[in-house]
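Note that ligands are numbered from 1 as they come in the structure, with each ligand's atoms numbered from 1 the same way.
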Amino acid sequence: MNEIRIFSPATVANVACGFDVLGFCLDHIGDEMVVRKTDKKGVVITKIEGFDLPFEVGKNVAGVSALALIADANPDCGFEIEIYKKIKPGSGIGSSAASAAGCVFAINELLERPYNKMQLTYFAIKGEAIASKCEHADNLAPAIFGGFTLVKSVNPLEILQIPTPHDLFATIIHPQIEIKTSEARAILPKEIPLQLAITQWANMGSLVHGLHSNDYGLISKSLHDVVIEPYRSQLIPYFKEVKMAALNAGALGCGISGSGPSIFSLSKGIKDASNVEVAMNNVYRKTNIKFDTYVCKINTKGIKILNK
Ligand code: ADP
């Protein structure tokens, strides 16, 4: 096989009480990438469509991830990468992670799978680090493994796959505003009161239990973030109104996706998820902020091969 086309999905990280550890993978929202072998060793990015991103290999997360894998594998060929970007960079649904994860996944396939998913995540982290200035895997893990993932530790890398209840659907609203990652970080407290920490880890434990036991009621009761959301939600206009509308429309829970500005909701069944989309729409269409909304099932497979 000399060429592969893949779909690399968008992902939601920082799932409510699971700040920095819990993420999930979205279905049908994502980028496409084509990667082909070349006789000349090394990596080149030959095409980027959709958004303006660096072609320079060392400045594009796809290029840096590919170089990390190649440094280890030392293949006797090189690779050409085409990126068809649908996920807007900085939207909060893992745009850079889709490129980093997609690229190492595709190269691994072309090399006939010398690496497992954990190792691929390790290479992709090297690319993600240039976008976020730190090594983290909370969008990469769900893109590569699919479903819900928990990053137990980055060093050493430990990722747990959490089961996805069959009827769980996500609704996303992406307001077209820019939130600087530095600002989203700077606004967070350095220390948190013990009582809030206890509430947060109780919710996190019960959310994971709810996902394991298909207990939608427990999932709903656990999807709360008392640590991060009170700060970061201030950066997203109409966050409170959107959340209230989503919950009133039947969402199990609602929170900030990544570091925003996207907001996610989880619902049981497509009907509730679609009602939540209408409710979110109704809040934002009264404003002059442009926005997109999406409804999709949780993608339990992660990156998909479109053709070889
Ligand atoms: P979010 O998770 O909020 O969508 P990202 O993780 O997509 O944000 O980070 C976007 C940043 O990463 C931008 O500064 C962008 O220029 C940079 N970047 C570098 N390479 C890529 C790529 N291939 N795809 C997306 N963003 C990239």
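Panel note: side chain Ser8, backbone Asp31; no donor-acceptor pair is recorded below 3.5 Å. No side-chain donor-acceptor contact under 3.5 Å links Asn203 to the backbone of Asp225. Of the possible polar contacts, one joining the Thr121 side chain to the Lys117 backbone as a donor-acceptor pair under 3.5 Å is found. With Gln234 contributing its side chain and Pro230 its backbone, the two residues share a donor-acceptor pair below 3.5 Å.
Annotation: atom 5 (P) of ligand 1 to nearest protein heavy atom, Ser96 OG, 3.2 Å. Among protein heavy atoms, atom 27 (C) of ligand 1 sits closest to Leu53 CD2, 3.6 Å. The single protein non-hydrogen atom nearest to atom 10 (C) of ligand 1 is Gly90 N, 3.8 Å, given as residue, atom name and distance. Counting only heavy atoms of the protein, atom 2 (O) of ligand 1 lies nearest to Gly94 N, 3.3 Å. What sits closest to atom 25 (C) of ligand 1 on the protein, heavy atoms only, is Ser95 OG, 3.4 Å. Closest to atom 1 (P) of ligand 1 among all protein heavy atoms lies Gly92 N, 3.4 Å.
Close contacts between ligand 1 and Lys59 involve ligand atoms 19 (C) [criterion: under 4.0 Å to a heavy atom]. Every atom of ligand 1 is numbered from 1 in the order shown, and the set under 4.0 Å from a heavy atom of Asn60 is 20 (N), 21 (C), 22 (C), 23 (N). The contact set between ligand 1 and Val61, taken as ligand atoms under 4.0 Å from a residue heavy atom, comprises 19 (C), 20 (N), 21 (C), 22 (C), 23 (N).
Where the criterion is an N or O separation shorter than 3.5 Å, residue side chain and backbone included, Ser99 meets it with respect to ligand 1.
Atom 14 (O) of ligand 1 lies below 4.0 Å from none of the non-hydrogen atoms of the protein.
Using a 4.0 Å cut-off between a side-chain N of Lys or Arg and a carboxylate O of Asp or Glu, Glu80 and Lys47 do not qualify as a salt bridge. Ionic pairing of Asp27 and Lys304 is present here: one or more N-O contacts between side-chain nitrogen and carboxylate oxygen are shorter than 4.0 angstrom.
The side-chain tip of Arg232 does not point at the ring of Phe239 from less than 6.0 angstrom away and within 45° of straight on. Cation-pi contact between Lys268 and Tyr216: present, with separation from the ring centre below 6.0 Å and deviation from the ring axis of at most 45°.
Considering Ala131, Ser132, Ser262 only, the shortest heavy-atom separation from atom 12 (O) of ligand 1 involves Ala131.
Contacts of Lys85 with ligand 1, taken as heavy-atom pairs under 4.0 Å, involve the side chain alone. Here Ile93 has backbone heavy atoms under 4.0 Å from ligand 1, and that is the only part of it that gets that close.
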Show your reasoning for whether salt bridge (charged side-chain N to carboxylate O under 4.0 Å, His left out) applies to Arg5 and Glu82. CA-CA 9 Å; Arg5 176 180 278 268; Glu82 295 176 2; 5.3 Å; no
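We find the CG-NZ distance between Leu140 and Lys126 to be 11.5 Å, quoted to the nearest 0.5 Å.
Residue-ligand proximity: Ser91 is placed with a non-hydrogen atom under 4.0 Å from ligand 1.
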